[in-house]
Asker: 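Mind looking over this structure? Questions follow.
As the structure is a computational prediction, the values presented were derived from the model and not from experiment. Note that the numbering runs from 1 along the sequence shown for the chain.
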Amino acid sequence: MINIANVERVYSGRIGCMCGCKGKYSETPVSIKRMVNKATKEEWEFDEMAGCYHVQTETRQYAVYMKKGSH
């Protein structure tokens, strides 16, 4: 379970580079809540090095970045 208070930002974009050129990072409470709800309904992997939960579909990739030390 992901605690919304521990989320730093979220990402949604097309598959490939995650620098922001193919998608968007957001720190708004609405975007964070939406992405956390999506993550809890599906099985997302946690990447220890990146500090985020993530999943890739056929067309998009999503990530929930946690605050340091909160995972």
Asker: So, do Ile32 and Thr28 sit near enough that their side-chain heavy atoms are less than 4.5 Å apart?
Answerer: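 No, side chains not in contact.
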
Asker: Crowded around Glu42 CD? As in, over 12 foreign heavy atoms under 6.0 Å?
Answerer: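 It does: Glu42 CD has more than 12 such atoms within range.
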
Asker: To the nearest 0.5 Å, tell me how far Cys52 SG sits from Tyr11 OH.
Answerer: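 Between atom SG of Cys52 and atom OH of Tyr11 there are 11.5 Å.
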
Asker: Minimum heavy-atom separation for Met35 to Val64, with atom names?
Answerer: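 Where Met35 meets Val64 most closely, the heavy atoms are CG-CG2, 3.4 Å.
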
Asker: Are Val55 and Met66 connected into the same hydrophobic cluster when the rule is that any two of I, L, V, M, F, W, Y join if their side-chain heavy atoms are below 4.5 Å apart?
Answerer: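 In one cluster: yes.
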
Asker: So, for Arg14 and Gln61, which heavy atoms are closest and what is the spacing to 0.1 Å?
Answerer: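 Minimum heavy-atom separation between Arg14 and Gln61: O-NE2, 3.4 Å.
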
Asker: Just so I know, are the side chains of Tyr53 and Tyr62 near enough to count as touching, which here means a heavy-atom distance under 4.5 Å?
Answerer: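 No; the side chains remain at least 4.5 Å from each other.
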
Asker: Considering non-hydrogen atoms only, spot the tightest contact between Met18 and Ala63 and give its length.
Answerer: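 Heavy atoms only, the tightest pair is CE-CB, 3.9 Å.
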
Asker: Hey, could you give me the OH/OG distance between Tyr65 and Ser26, rounded to the nearest 0.5 Å?
Answerer: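 Between Tyr65 OH and Ser26 OG, I get 13.0 Å after rounding to 0.5 Å.
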
Asker: Hey, does Val7 have a side-chain heavy atom less than 4.5 Å from the side chain of Ile2?
Answerer: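 In contact.
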
Asker: When Ser12 is tested against each of Lys22, Arg60, Lys24, Lys38 for side-chain hydrogen bond (donor to acceptor under 3.5 Å, both in side chains), which residue passes?
Answerer: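 Only match with Ser12 under side-chain hydrogen bond (donor to acceptor under 3.5 Å, both in side chains): Arg60.
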
Asker: Is there a side-chain contact between Ile4 and Lys33 (heavy atoms, below 4.5 Å)?
Answerer: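 Ile4 vs Lys33: side chains touch.
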
